[in-house]
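In this text the structure is predicted, and so the values were computed from the model without any measurement.
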Amino acid sequence: MTKKNKSPEPQPPEKLTGIKKSAPSSLAGGLTAVKSSMQHIMNESGLVRGTKALLKVNQMDGFDCPGCAWPDPDEERSTIEFCENGAKAVAEETTQKQLDSSFFKKHSIQELSTWSDRDIGKSGRMTSPMVVFPGDTHYSPISWGDAFSMIGAKLNQLEEPDQAIFYTSGRTSNEAAFMYQLFVRAFGTNNLPDCSNMCHESSGVALSETVGIGKGSVKLEDFDLAEVIMIVGQNPGTNHPRMLTALQSAKKKGSKIVSINPLKEAGLLRFKHPQSVGDVLGSGTTLTDLYLQVKINGDVPLIKAMLKLLVDKEKKSPGTVFDHEFIKDSTQGLDALLEDLDNHELSTLVAASGVSMAEIQAVVDLIADKEKIIICWAMGVTQHKNAVDNIRELVNLLLLKGSIGKPGAGTCPVRGHSNVQGDRTMGIYEKPSTAFLDSIERTFDFEPPRRHGYDTVEAIQAMTEGRAKVFIAMGGNFLSATPDTVYTAKGLQQCELTVQISTKLNRSHLIHGKTALILPCLGRTEQDEQNGHLQFVTVENSAGVVHSSKGSLPPVSEHLLSEPRIVAGMAEATLKKLPNINWQVWANNYDLIRDNIESTIPGFESYNEKVRRPGGFYLPNGARERSFATITGKANFSINRVPEHRLAPEDYLMMTIRSHDQYNTTIYGLDDRYRGIYNERRIVLMNREDMDRNQLKEGGLVDLHSNYDDELRVAKGFLVQAYDIPRQCIATYFPEANVLIPVRQFADKSQTPISKSVLVRIVT
């Protein structure tokens, strides 16, 4: 008789691991990055296996790095086309550690839940399907056939299709994503939340409204042509290290770089290219020319202040600052924007930004006579209540300068997951367009559901309130990635069935539904052989390039299935056979999947031919061509409010951040090398003056409290660390601080959680 399984905690117990500190670095890259990369490869993959994989990363005949979506050079590529964090991602996937049935027999779910996120992830690759039934204390093996039958039976027992949620991570290939959304819509729901909902959804909304396409408009080659590159709310040294190579190249060609971020980040200060002997032996390249340490969520007042100063310059020297021809021919709403700017006092905007007038004036003087401006941003801009306004205000600046749709200028939302943009292109979206649904109906001869589905926040609420009973995740670590950890855990545990399609163990496997499945899939690095033939998949990067990805290593286990094969198995077990879809035939030959993508989605004409060309092909991008598919048919200026954070003396705005040994919820190690923090993750970075005012000592132990909707949320056991950050602003790592983020507080229009501006108090 099995014992009743004690419900595990959604987060591990607070354990301090012995912090060590050094001065924050002012340099990224160099030999230290090479050493770190090789240490991870040696520890996980071994020299031979690891080196074989690394030499195929981001190569035209290799696989797309799972670490980020930064674009690759269109033509010549170096032998080493990866960064430190890319090497860490490859090491994690190519680890030689394996989790078989003996591991799960030895370790109960309750025991595993007490492990740290790092230890869970480091335990090894999943090798065969596993299941836990109600009352079980351990996972046990299950056959693929029985797993698919269980999924199909449970889905067909639901009262309505909307009681099921189908989540997607950005790692999923175009082929798997297309099949997945088609299966879900054939089942009868648009409940397709994805990781975009939690990161760049705000970018998609803002850009669609203003320039008519929810993607960036620049190519990688534009960085070498830019006169000014503005980097807002982004830490490329940790999150997108390959971007540093592009910034270094731009600097050497004369570009000026403006960085806007609450924290001083090493990757924005100076860079040593690890492959350059001159860099390694020398001092590297200074990147940022002007560094503005804005208050958390002070971006709109900062940009408004810049716009007011630019207007003044234009009035004094008409025709020298703004691109009037572009504004007249291609935009709408300038008069309303100018009227709004007149309603704001410059001194009030400057104070709200947290940046000095002199610093703002210096940026204005720099860009006043420039027309080739690129603005890059990431989650430091997108995860606020007013996130859409943040991005629209950045677009206002570009439109005034005519800095879009020309070489060396445009929008650049820098995305994290390697195919998160491709997933959306393939139809992973809870609010599909009528045109997309009409195309599915024409191509596959069934009526897809028309009502909108749940996004991530709505999915969490639906599970917790009992409106959703099945949760299926194509990749990702849903619990650790989402806000309001305790609330989210409750929702997952109330589900009748949870299914995780994964490569490695993570916390979402331990906080599960009454019945739970883990379905192990092939990794990006592994050979994908179907019906005796090697297959390749395709992905889309941040520049809108669709290209192939082909693994080179033997699969870690003969029991792994590819993601398309897993989708096919679920679909055949669930659906009555549709006349135009033969799921297993598609899973045998990915060219057939691509043929159907071509028939359904504009921009994929001759898909199989073009994607076989070295480097792939660009998708159409109207903003890049100054063709703006907005409601007005033009690029739209917008009116954006200044956020009001009414902080009492004891209040702080908290932003969650990554450490350098981390990729999203994957924890590679316990060091944050560039910030000088080692062997610890439970830390809170504070301004020294705030520490003195509250009589907090370096290394002091505190709890963090947030209170929204009259509900107290508590994160216990954090060490205070002095850091260069604006007053009444603090920074903590996620997922440790996600418990403080309220699920019902999210960005207007995009519903992205407010992970970068959570009101908290520090309790000793």
Side-chain angles (χ1 to χ4, degrees), residues 206-213 215-219 221-232 250 253-258 260 289-290 299-300 302-342 360-377 390-413 621-640:
L207 292 173
S208 295
E209 290 181 354
T210 55
V211 298
I213 184 170
K215 304 178 182 182
S217 65
V218 300
K219 300 179 179 180
E221 64 194 42
D222 287 315
F223 282 80
D224 277 348
L225 304 174
E227 296 172 297
V228 176
I229 301 170
M230 296 178 64
I231 304 171
V232 189
K253 289 179 169 59
S255 180
K256 300 293 184 182
I257 295 178
V258 178
I260 300 172
D289 296 279
L290 296 170
D299 304 282
V300 166
L302 173 65
I303 302 301
K304 277 191 186 296
M306 291 171 56
L307 294 179
K308 283 182 69 71
L309 292 172
L310 286 169
V311 169
D312 290 342
K313 279 184 173 289
E314 173 65 22
K315 288 178 179 177
K316 292 175 183 177
S317 302
T320 64
V321 179
F322 296 163
D323 187 338
H324 289 284
E325 181 179 357
F326 169 75
I327 292 171
K328 180 180 182 230
D329 293 343
S330 301
T331 73
Q332 182 163 304
L334 175 62
D335 290 342
L337 174 68
L338 296 177
E339 182 180 349
D340 175 70
L341 291 174
D342 284 339
I360 298 174
Q361 187 67 61
V363 177
V364 170
D365 292 342
L366 174 65
I367 67 175
D369 63 345
K370 305 295 191 302
E371 61 177 26
K372 296 180 179 180
I373 302 171
I374 294 174
I375 300 183
C376 310
W377 68 88
N390 283 339
I391 298 154
R392 297 195 313 181
E393 199 73 354
L394 297 175
V395 174
N396 281 342
L397 175 57
L398 292 174
L399 296 183
L400 282 174
K401 299 295 298 176
S403 297
I404 192 167
K406 65 172 61 171
T411 57
C412 185
N621 188 307
R624 192 175 288 154
E625 307 298 328
R626 289 193 167 180
S627 175
F628 303 110
T630 63
I631 294 176
T632 65
K634 294 186 175 184
N636 294 314
F637 288 101
S638 56
I639 308 302
N640 304 300

TODO: Could you check if a side-chain atom of Lys304 sits within less than 4.5 angstrom of a side-chain atom of Leu341, using non-hydrogen atoms only?
DONE: yes
- [ ] Taking the side chain as every heavy atom from C-beta outward, state whether Ile360 and Met306 have any pair of such atoms under 4.5 Å apart.
- [x] yes
Open item on the list: Which heavy atom of Gly408 sits nearest to which heavy atom of Leu225, and what is that distance?
Closed with: CA-CB, 3.8 Å
Task: Sub-4.5 Å side-chain heavy-atom contact between Phe628 and Ser330 - done: yes
Task: Rounded distance (nearest 0.5 Å) linking atom CG of Leu307 with atom CG of Asp340 - done: 9.5 Å
- [ ] Could you tell me the separation between the OG atom of Ser208 and the NZ atom of Lys215, rounded to the nearest 0.5 Å?
- [x] 10.0 Å
Task: Check: Val300 main-chain N/O paired with Glu393 side-chain donor or acceptor under 3.5 Å - done: no
- [ ] First locate atom CD1 of Ile257, then atom CD1 of Ile229, and finally report the distance between them rounded to the nearest 0.5 Å.
- [x] 5.0 Å
Task: Validation row: Leu309, Gln361 side chains within 4.5 angstrom (heavy atoms) - done: yes
- [ ] Start with the C-alpha gap between Val395 and Ser638, add the side-chain angles, then the distance that decides, and say whether side-chain contact (heavy atoms from CB on, under 4.5 Å) holds.
- [x] CA-CA 9 Å; Val395 174; Ser638 56; over 6 Å; no
- [ ] Please name the pair of heavy atoms, one in Thr630 and one in Gly212, separated by the smallest distance, quoted to 0.1 Å.
- [x] CG2-N, 3.3 Å
TODO: Step through the shown structure and confirm whether more than 12 heavy atoms of other residues, nucleotides or ligands are within 6.0 Å of CD1 on Ile631.
DONE: no
TODO: Can you measure from CG (Leu398) to OG1 (Thr210) and round to the nearest 0.5 angstrom?
DONE: 9.5 Å
- [ ] Measure the shortest side-chain to side-chain distance between Leu207 and Arg392 over non-hydrogen atoms and say whether it is less than 4.5 angstrom.
- [x] no
TODO: Please say which of Leu366, Ile260, Val228 ends up in a side-chain contact (heavy atoms from CB on, under 4.5 Å) with Leu290.
DONE: Leu366
TODO: Would you confirm whether Glu227, through its side chain, and Lys370, through its main-chain N or O, come within 3.5 Å as a donor-acceptor pair?
DONE: no
Task: Lys401 (side chain) donor-acceptor with Ala368 (main chain) under 3.5 angstrom - done: yes
Task: Rounded distance (nearest 0.5 Å) linking atom CE of Met230 with atom CD1 of Ile303 - done: 4.5 Å
Task: Least distance between heavy atoms, Ala635 atom then Leu399 atom - done: CB-CD2, 3.8 Å
Open item on the list: Quick check: do Asp335 and Phe637 have side-chain heavy atoms less than 4.5 Å from each other?
Closed with: no
- [ ] Mind listing the closest non-hydrogen atom pair of Gly402 and Phe326 along with its distance?
- [x] CA-CD2, 3.6 Å
- [ ] Taking the side chain as every heavy atom from C-beta outward, state whether Leu310 and Leu397 have any pair of such atoms under 4.5 Å apart.
- [x] yes
Task: Nearest atoms (heavy-atom pairs only) where Val218 meets Cys412 - done: CG2-CB, 3.7 Å
- [ ] Give the intermediate values and the outcome of side-chain contact (heavy atoms from CB on, under 4.5 Å) for residues Leu337 and Asn396.
- [x] CA-CA 9 Å; Leu337 174 68; Asn396 281 342; 3.6 Å; yes
TODO: In plain terms, say whether Asp365 and Lys313 are close enough for a salt bridge, that is, a side-chain N and a carboxylate O under 4.0 Å apart.
DONE: yes
TODO: Give the minimum heavy-atom separation between Ser217 and Ala409, together with the two atoms involved.
DONE: OG-O, 4.4 Å
Task: Side chain to side chain, Leu400 and Leu334, heavy atoms closer than 4.5 Å - done: yes
Open item on the list: So does Asp299 get a backbone contact from the side chain of Asn390, meaning a donor-acceptor N/O pair under 3.5 Å?
Closed with: no
Open item on the list: Counting neighbours of NZ on Lys308 that are heavy atoms of other residues, nucleotides or ligands and sit closer than 6.0 Å, is the number greater than 12?
Closed with: yes
TODO: Verify, without hydrogens or angle tests, whether Asn636 (side chain) and Gly333 (backbone) share a donor-acceptor contact under 3.5 angstrom.
DONE: no
Open item on the list: Given 3.5 Å as the limit, does a donor-acceptor pair link the side chain of Ser403 with the main chain of Gly410, or not?
Closed with: no
- [ ] Say whether, by atom type as modelled, one donor and one acceptor occur between the side chain of Asp222 and the main chain of Lys219 under 3.5 angstrom.
- [x] yes
Task: Pairwise distance OG1(Thr411) to CD1(Ile374) - rounded to 0.5 angstrom - done: 9.5 Å
